[in-house]
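Chain A is the first sequence line, chain B the second, and so forth, proteins listed ahead of strands; every chain is numbered from 1.
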Amino acid sequence: MNKVGIPQGTRDFSASIVEKRLYILNTIRAVFQLYGFEPLETPAMENLNTLIGKYGEEGDKLLFKILNNGLNDPKNHDKAKRGFESLMEGKSTTDLTERALRYDLTIPFARYVAMHHGQLTFPYKRYQMQPVWRADRPQKGRYREFTQCDADIVGSKSLINECELALIYHRVFTSLRMENYSLQINHRKILYALAELTGDANKLTDITVAIDKLDKIGWQKVSEELIEKQLSSEAINTIEKYLAIKGSNEEILVALKELLQNKTEGEKGIEDLSFLIHNLTATNTRIDLSLARGLNYYTGTIFEVKAPQDVKMGSIGGGGRYDNLTGLFGVPDIPGVGISFGVDRIYDVMEELKLFPNYLTTRTDVLFFNLGKEESAASFQLMENLRNEGISAEIFHEAVKMDKQFKYAEKKQIPVVAIIGNNELEENRVIIKHLATGKQEQISTAESILYLKTLLKK
RNA sequence: GUAGCCAUAGCUCAGUUGGUUAGAGCAUCAGAUUGUGAUUCUGAGGGUCGUGGGUUCGAGUCCCAUUGGCUACCCCA
């Protein structure tokens, strides 16, 4: 019936939604700045070569690729045909597409740092809040266009950075009144040590992908998946022992030390986590050994934020440490660590938990009734004076009966109407009516500004 | 990429084993009311039932295809 539409998984945001989203974004931005991060924006599209191969095989499929221009030009025909053929063979090619929409903010950031490392002051702390695109099938909490807010620190290996980022999470979520979020942490080196312990270190990815699903599908299914990936039964036993470790953060570390003894990588990971939990006691940080995160570029601490338990929503934020992200772009030895907020999921969670304050709607303060030419001329003058004082005002667009003008004010939730008719015009006065109470008062235009300021508490 | 559910007025939906001219609430517009609304009353407009095909004397209803939406898997914020 309706032929116009928008692409699958994208959304229009009407006024009230924009206001709520801005509330989240402004909260996050303020906290980022409070912790000394500076802003960065990068283009919506990147060269395909910048993005391809950075998110694993699955990620490559989810990139939105942009068709090259000018493929119909005769001189490009050969190239286009070649490109199409390699596409049909499942190979990625720049013959047809050499650009793609960004998939996250981390890789474009690494690209930026690689390009500008000469000019940057290290450690470089940047935040970035922009949309990203993924050609995923939409469902609850999953969109094809969504906004991420990232904060990263590059050029430093210090664990202080991890602490700061965890504190940022804590401050943002408590500001948003989502105090019972949980921040789960783990360490890639621990996962690596585990893989080593099973005797099959190159199965690291298979192991992490499987155990990451533990709280979703349970050990039974996880072990089935491991069997499928051809892990030995001893290896699976070891993993079961690892996942069985429970208790307080302290207890987990003690048990881990025992399990992973003599694995130097593992010891480093345990040491790091130990430092973090001792410095983050005031936050909701919990060690979760099943946390793995799919992205391969993480090398140290990994983070994931879960929404309060009574909400069915995946992670609403995540991040981790990467030792060599810019190495992908030819600039080695710039370690970094970063976190991300999933604004759209945070929005959905807050909507479900009714956490948005009700003062968010921005509306006009005063509606002037339009009762004729000369009358509205007087209104115009007064309106400008009000606006100079920070009181927002508008006048009804035509002189129709008051009934209509009242209804407009109601619908737009304008709290006060100002009426200047014949009588008022002659006496240089105005009627100020407060709609909620129905009270009205006729006062001089000169006094009306102060009167309105009090009425509107401005 | 795979699977399940859904599609009727601007919105939320009803619509009997297939049977006359497809309904309700809300919203919109007009009037009762030429300077006072939110709470009243009266009236009006608005649908080729997502699209295309089939079965049937007859399809909103049954069958097939297709498009779109939602949900789940894979993966992920």
Side-chain angles (χ1 to χ4, degrees), chain A residues 1-11 14 24 28 55-63 90 102-106 129-150 169 205 208-210 212-213 216-217 221 225 228 292-296 303-307 312-319 338-349 367 369-372 375 396 399-425 430-442:
Chain A
M1 146 189 40
N2 224 346
K3 279 194 178 134
V4 296
I6 55 176
Q8 191 183 39
T10 65
R11 295 149 299 158
S14 56
I24 297 172
I28 295 172
Y55 308 105
E57 227 175 285
E58 221 32 63
D60 286 351
K61 286 186 202 158
L62 299 181
L63 288 172
R102 74 165 100 76
Y103 177 92
D104 70 356
L105 301 179
T106 308
M129 316 205 297
Q130 289 190 283
V132 301
W133 293 268
R134 295 182 189 177
D136 217 338
R137 196 55 71 85
Q139 56 181 276
K140 187 180 165 134
R142 177 169 313 186
Y143 308 96
R144 288 183 143 182
E145 177 184 62
F146 61 99
T147 301
Q148 289 193 327
C149 300
D150 278 32
Y169 269 139
T205 305
T208 56
V209 168
D212 202 36
K213 298 175 193 164
K216 206 170 176 184
I217 61 176
K221 293 254 169 101
E225 188 166 327
E228 222 171 279
R293 294 192 63 76
L295 294 171
N296 295 322
F303 299 106
E304 192 153 305
V305 183
K306 290 263 160 70
K312 259 185 86 181
M313 180 66 73
S315 68
I316 55 177
I339 56 169
S340 178
F341 289 84
V343 174
D344 304 78
R345 285 187 177 177
I346 292 171
Y347 179 98
D348 290 345
V349 169
L367 175 71
F369 276 14
N370 187 332
L371 298 175
E375 292 87 340
F396 199 81
V400 294
K401 58 186 195 174
M402 297 180 86
D403 174 76
K404 278 200 141 191
Q405 308 198 35
F406 270 116
K407 288 206 165 122
Y408 177 81
E410 252 169 61
K411 209 161 275 174
K412 287 194 69 176
Q413 298 189 312
I414 299 171
V416 173
V417 299
I419 304 170
I420 299 181
N422 295 337
N423 309 339
E424 290 79 14
L425 192 61
V430 56
I431 292 176
I432 303 294
K433 177 161 182 167
H434 192 239
L435 289 189
T437 60
K439 265 196 213 156
Q440 67 178 54
E441 198 143 347
Q442 196 195 56

**OP:** Using the P atoms only, state how far B:C63 lies from B:C5, rounded to an integer number of Å.
**Re:** 12 Å
Original post:
A:Lys61 near the nucleic acid: base, sugar-phosphate alone, or nothing, with a heavy-atom cut-off under 4.0 Å?
Top reply: nothing
Original post:
Is there a donor and acceptor pair closer than 3.5 Å between the side chain of A:Lys140 and the base of B:U71?
Top reply: no
Original post:
Which is true for A:Leu435 with a 4.0 Å heavy-atom rule: it touches a base, it touches only sugar-phosphate, or it touches nothing?
Top reply: base
Subject >> Length of the line joining A:Arg137:CZ and B:C73:P, which is rounded to integer Å >> reply: 14 Å
**OP:** Assign A:Ile346 to base, sugar-phosphate, or nothing according to its heavy-atom contacts below 4.0 angstrom with the strands shown.
**Re:** nothing
Can you check nucleotides 75-77 of chain B for protein contacts, nitrogen or oxygen pairs under 3.5 Å, and list what you find?
| unit_1 | atom_1 | unit_2 | atom_2 | d |
| --- | --- | --- | --- | --- |
| B:C75 | OP2 | A:Lys213 | NZ | 2.7 |
| B:C75 | O2 | A:Arg142 | NH1 | 2.7 |
| B:C75 | O2 | A:Arg142 | NH2 | 3.2 |
| B:C75 | N3 | A:Arg142 | NH1 | 3.2 |
| B:C75 | N3 | A:Arg142 | NH2 | 2.4 |
| B:C75 | N4 | A:Arg142 | NH2 | 3.4 |
| B:C76 | O3' | A:Arg134 | NH1 | 3.2 |
| B:C76 | O2' | A:Arg134 | NH1 | 2.6 |
| B:C76 | O2 | A:Arg142 | NH2 | 3.4 |
| B:C76 | O2 | A:Arg345 | NH2 | 2.7 |
| B:A77 | OP1 | A:Arg293 | NH2 | 3.2 |
| B:A77 | OP2 | A:Arg293 | NH2 | 3.3 |
| B:A77 | O4' | A:Gln148 | NE2 | 3.4 |
| B:A77 | O3' | A:Ser315 | O | 2.9 |
| B:A77 | O3' | A:Ser315 | OG | 2.5 |
| B:A77 | O3' | A:Gly317 | N | 3.1 |
| B:A77 | O2' | A:Ser315 | O | 2.4 |
| B:A77 | O2' | A:Arg345 | NH1 | 3.2 |
| B:A77 | N7 | A:Arg134 | NH1 | 3.4 |
| B:A77 | N6 | A:Tyr143 | N | 3.3 |
| B:A77 | N6 | A:Tyr143 | O | 2.8 |
| B:A77 | N1 | A:Tyr143 | N | 3.0 |

Subject >> B:A7 to B:G50 separation - C1' atoms, rounded to the nearest Å >> reply: 6 Å
Original post:
Atom CZ of A:Phe406 to atom P of B:U39: distance rounded to whole Å?
Top reply: 14 Å
Subject >> Rounded interatomic separation in angstrom, taking NZ from A:Lys221 and C1' from B:A72 >> reply: 13 Å
**OP:** For RNA chain B, write out the stems as range with range, using runs of 3 or more consecutive Watson-Crick or G-U pairs with both distances under 3.5 Å.
**Re:** B:1-7 with B:67-73, B:10-13 with B:23-26, B:28-32 with B:40-44, B:50-54 with B:62-66
Subject >> Nearest atoms (heavy-atom pairs only) where A:Arg144 meets A:Ala135 >> reply: NH2-O, 3.7 Å
**OP:** Take the protein atom NE2 of A:His434 and the nucleotide atom P of B:G37, then report the distance between them rounded to whole Å.
**Re:** 17 Å
Original post:
For atom P, what is the distance between B:U48 and B:U8, given to the nearest Å?
Top reply: 12 Å
Subject >> Polar pair under 3.5 Å, donor/acceptor by atom type, side chain A:Gln440, base B:U36 >> reply: yes
**OP:** Compare every heavy atom of A:Glu424 with every heavy atom of A:Ile431, then report the nearest pair and how far apart it is.
**Re:** CD1-OE2, 3.1 Å
Original post:
Which pair of heavy atoms, one from A:Ala307 and one from A:Val349, lies closest together, and at what distance?
Top reply: CB-CG2, 3.8 Å
Subject >> Distance, C1' atom - from B:U16 to B:C11, rounded to whole angstrom >> reply: 26 Å
Original post:
If you measure from the C1' atom in B:C70 to the same atom in B:A9, how many Å do you get, rounded?
Top reply: 22 Å
Original post:
Testing A:Lys412, A:Glu410, A:Lys404 for side-chain contact (heavy atoms from CB on, under 4.5 Å) with A:Tyr408, which one passes?
Top reply: A:Lys412
**OP:** Quote, to the nearest angstrom, the P distance that separates B:G60 from B:G54.
**Re:** 15 Å
Subject >> Pairwise P distance, B:C62 and B:G43 [rounded to whole Å] >> reply: 36 Å
**OP:** With heavy atoms under 4.0 Å as the rule, sort A:Asn422 into base, sugar-phosphate or nothing.
**Re:** base
Subject >> side chain to side chain donor-acceptor pair (under 3.5 Å), paired with A:Thr437, selected from A:Gln440, A:His434, A:Lys439 >> reply: A:His434
**OP:** Work out which heavy atom in A:Pro131 is nearest to a heavy atom in A:Glu145; give both atom names and the distance.
**Re:** CB-CG, 4.3 Å
Original post:
Between B:G35 atom P and A:Lys433 atom NZ, what is the distance in whole Å?
Top reply: 15 Å
**OP:** Quickly work out the A:Lys312 NZ to B:U71 C1' distance and round it to whole Å.
**Re:** 9 Å
Subject >> Side chains of A:Tyr55 and A:Leu62 in contact at under 4.5 Å (non-hydrogen atoms) >> reply: no
Original post:
Roughly how far apart, to the nearest Å, are B:G19 and B:U61 at atom C1'?
Top reply: 11 Å
Original post:
With sugar-phosphate meaning primed atoms plus P, OP1 and OP2, does A:Gly56 contact a base, only sugar-phosphate, or nothing at under 4.0 Å between heavy atoms?
Top reply: nothing
Subject >> Whole-Å distance separating the CZ atom of A:Phe369 from the P atom of B:A38 >> reply: 12 Å
Original post:
Are side-chain heavy atoms of A:Lys433 and A:Val417 found at a separation under 4.5 Å?
Top reply: yes
Original post:
Whole-Å distance between B:G37 P and A:Lys439 NZ?
Top reply: 19 Å
**OP:** Please examine the side chains of A:Leu435 and A:Phe406, heavy atoms only from C-beta on, and report whether any two atoms are closer than 4.5 Å.
**Re:** yes
Original post:
Just by modelled atom types, is the A:Leu425 backbone N or O under 3.5 Å from a matching donor or acceptor in the A:Glu375 side chain?
Top reply: no
Original post:
Which listed nucleotide (B:G37, B:G31, B:U36) is nearest to the side chain of A:Ile419?
Top reply: B:U36
Original post:
Does any non-hydrogen side-chain atom of A:Arg11 lie less than 4.5 Å from one of A:Asp344?
Top reply: yes
Subject >> 5'-most by nearest nucleotide on RNA chain B - A:Lys404 or A:Glu424 >> reply: A:Lys404
